[in-house]
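Notes follow the structure.
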2 protein chains.
Amino acid sequence: MKLQGIKPIENMTQVDRIEMNLHDYFRNENFLPGDSIPKEIELAEAMGVSRTAMREALTRFKTLGIIESKKNRGMVITEPDVLQNMNRVLNPQLLHQDTMQDFFELRLVIELGIADLLYVRKTDEDIKKLEEIVDKENAAKSKAEKLKWDIEFHATLYKISGNQTIERFQRTLMPVFDYMKNTLHIRSQEQTADYVSHKVLIQILKTGTVEDFRQGMYKHLMQYFEQIK
Amino acid sequence: MKLQGIKPIENMTQVDRIEMNLHDYFRNENFLPGDSIPKEIELAEAMGVSRTAMREALTRFKTLGIIESKKNRGMVITEPDVLQNMNRVLNPQLLHQDTMQDFFELRLVIELGIADLLYVRKTDEDIKKLEEIVDKENAAKSKAEKLKWDIEFHATLYKISGNQTIERFQRTLMPVFDYMKNTLHIRSQEQTADYVSHKVLIQILKTGTVEDFRQGMYKHLMQYFEQIK
DNA sequence: TATTATTAATATGTATTACATATATACATC
DNA sequence: GATGTATATATGTAATACATATTAATAATA
């Protein structure tokens with residue numbers, strides 16, 4: 001049986017073991033962001049390995065954003081940026097088509113799911129901002145400009161959700177969504193019978209219920225949901 | 001202005017620059033998973049740096065799962081496992097409380113959002129499986145056992161969604177959710193007036209609409225949604 | 001001939017040593 | 001007190017050597 005992210009111990013390298021040791025060490029010593037850790041040589045000697053190997057293990061933690069190092073200042077534990085890490089590997093060129101489809105769906109799932117957050121946190125100012133965007137969208141002449149304001153509209157919704165992580169997550173997913181849009185055969189919105197425009201969505205946000213909004217958003221994104229089988 | 005994930009070039013180390021170069025190189029050469037890349041020394045020489053520095057840059061890519069190396073076989077480009085990377089850094093001990101709250105909310109958002117996927121992909125077998133779980137849950141004596149089947153129920157829903165990434169994502173979020181459950185002051189389900197049980201959710205899944213299900217799920221998770229302000 | 005055993009070549013993994021460099025600290029100078 | 005200088009320090013980079021797993025070529029065997 002082959003599990004994801006687990007490699008057989010027999011072909012584990014020394015650095016792999018050092019990494020595990022460090023992981024336990026950080027955990028057991030209850031290190032928190034801001035805490036400084038022993039210097040490279042001390043760690044290497046304490047573990048009975050060369051500085052080279054220790055550095056390689058430390059590099060892994062640095063890569064993940066779990067520790068940071070500065071010349072002569074030593075190393076400190078840091079709060080990893082989950083989304084940044086995701087950003088670095090979410091590369092359409094490298095990922096399998098199925099995975100891309102999964103993230104494509106995830107974006108739709110979130111777009112519908114944030115309705116509740118919106119209704120808890122929306123303010124009159126937010127609505128006003130959305131309306132301004134729609135005005136600019138309608139005034140836009142080129143297709144590219146329209147698209148720009150379309151994206152801005154949805155980005156603003158994410159902002160209104162008050163959830164920074166979800167907002168950043170969505171931005172991270174944008175290239176994926178873009179890629180899938182080009183890959184899948186997606187027809188234009190106007191061809192849909194009961195298409196819900198941004199303007200209508202705002203209206204629902206002002207006077208409708210959460211349920212209304214979700215249904216509206218579903219219809220607004222209908223062209224994409226059709227891709228799900 | 002300070003942006004996330006960007007460091008001023010003046011205090012960029014040489015390895016940082018090597019990493020960027022490699023990144024461009026991989027991209028421009030259109031390397032795909034499975035393709036092998038030049039060996040360490042060649043890369044180092046081509047870039048005019050020591051093998052040491054090159055190795056450190058390569059270690060970063062290895063850490064992210066973008067390349068893999070084997071003794072004498074050289075290195076090959078691999079498909080990074082986005083979720084695995086996330087798993088390594090989603091550590092409640094290290095993350096800020098706000099971030100944890102964000103992920104807590106994200107889990108709820110997804111739980112509601114997958115309704116559409118469920119209705120597209122559910123089968124009679126899936127329903128049967130859910131019913132079996134609920135039976136076991138009701139037959140369970142200890143609180144721990146009940147919790148286990150509760151988790152199993154939701155995990156199965158994710159499985160039914162047919163989206164492996166979302167399914168794994170949810171598993172990744174579990175520790176966060178667990179942590180938040182202990183941190184926040186969450187009352188028990190039974191205290192809710194119009195509480196919707198797993199049994200009812202299944203019933204909706206069988207005869208109700210997507211909207212019904214979403215409303216049901218919302219009520220089922222009411223105790224958690226109350227934490228959102 | 002087919003198969004196995006042995007050997008040599010190869011690229012990564014680890015160790016050692018040395019030095020560069022940014023930063024902090026202490027000290028000296030104005 | 002502010003500024004400049006010297007020194008110590010921990011990480012960053014380089015160079016070199018060797019260990020080790022794996023491949024490929026070669027030799028030995030049936």
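Just so you know, these numbers use all the heavy atoms, side chains as well, and skip hydrogens, waters and symmetry mates. A, B, ... follow the sequence lines: proteins, then strands. Residue 1 opens every chain.
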Please state whether the phosphate of [N], meaning OP1 or OP2, lies under 4.0 angstrom from any side-chain nitrogen or oxygen of [X].
X: B:Ser69; N: C:dG13; value: yes
X: B:Arg55; N: C:dG13; value: yes
X: B:Lys62; N: C:dG13; value: yes
X: A:Gln14; N: D:dT20; value: no

> Is it true that the NZ or CZ of A:Lys181 lies under 6.0 Å from the centre of A:Phe177's six-membered ring and within 45 degrees of the ring axis?
Replying inline: no
Whole angstroms only, please: what is the [atom1]-[atom2] distance between [X] and [N]?
X: B:Ile41; N: C:dG13; atom1: CD1; atom2: C1'; result: 12 Å
X: A:Glu56; N: C:dA15; atom1: CD; atom2: P; result: 11 Å
X: B:Lys70; N: D:dT20; atom1: NZ; atom2: C1'; result: 15 Å
X: B:Met47; N: D:dT13; atom1: CE; atom2: C1'; result: 15 Å
X: A:Met75; N: D:dT9; atom1: CE; atom2: C1'; result: 14 Å
X: B:Glu19; N: D:dT13; atom1: CD; atom2: P; result: 12 Å
X: A:Met12; N: C:dG13; atom1: CE; atom2: P; result: 15 Å
X: A:Arg73; N: D:dA8; atom1: CZ; atom2: P; result: 21 Å

> Can you give one letter per nucleotide of nucleotides 17-22 of chain C, going 5' to 3': B for a protein heavy atom under 4.0 Å from the base, S for sugar-phosphate only, - for none?
Replying inline: -B--BB
>> Using a strict threshold of under 4.0 Å (side-chain N to carboxylate O), is an ion pair present between B:Glu137 and B:Lys146?
In response: no
> Does the distance from a Lys or Arg side-chain N to an Asp or Glu carboxylate O, for B:Lys62 and B:Glu68, drop under 4.0 Å?
Replying inline: no
>> Using a 3.5 Å distance criterion without hydrogens, assess whether the side chain of B:Arg60 forms a donor-acceptor pair with backbone atoms of A:Thr63.
In response: no
> Given the rule in the ring pair (Phe, Tyr, Trp, His ring centres under 6.0 Å) test, do A:Tyr179 and A:Phe104 qualify, once you have shown the distances and angles that lead to the verdict?
Replying inline: CA-CA 9 Å; A:Tyr179 175 85; A:Phe104 175 78; over 10 Å; no
>> If I compare all heavy atoms of B:Lys229 with all of A:Arg121, which pair ends up nearest, and what's the gap?
In response: O-NE, 3.1 Å
>> Between B:Leu43 and B:Tyr25, is the side-chain contact (heavy atoms from CB on, under 4.5 Å) condition met? List the steps.
In response: CA-CA 11 Å; B:Leu43 288 171; B:Tyr25 173 62; 4.2 Å; yes
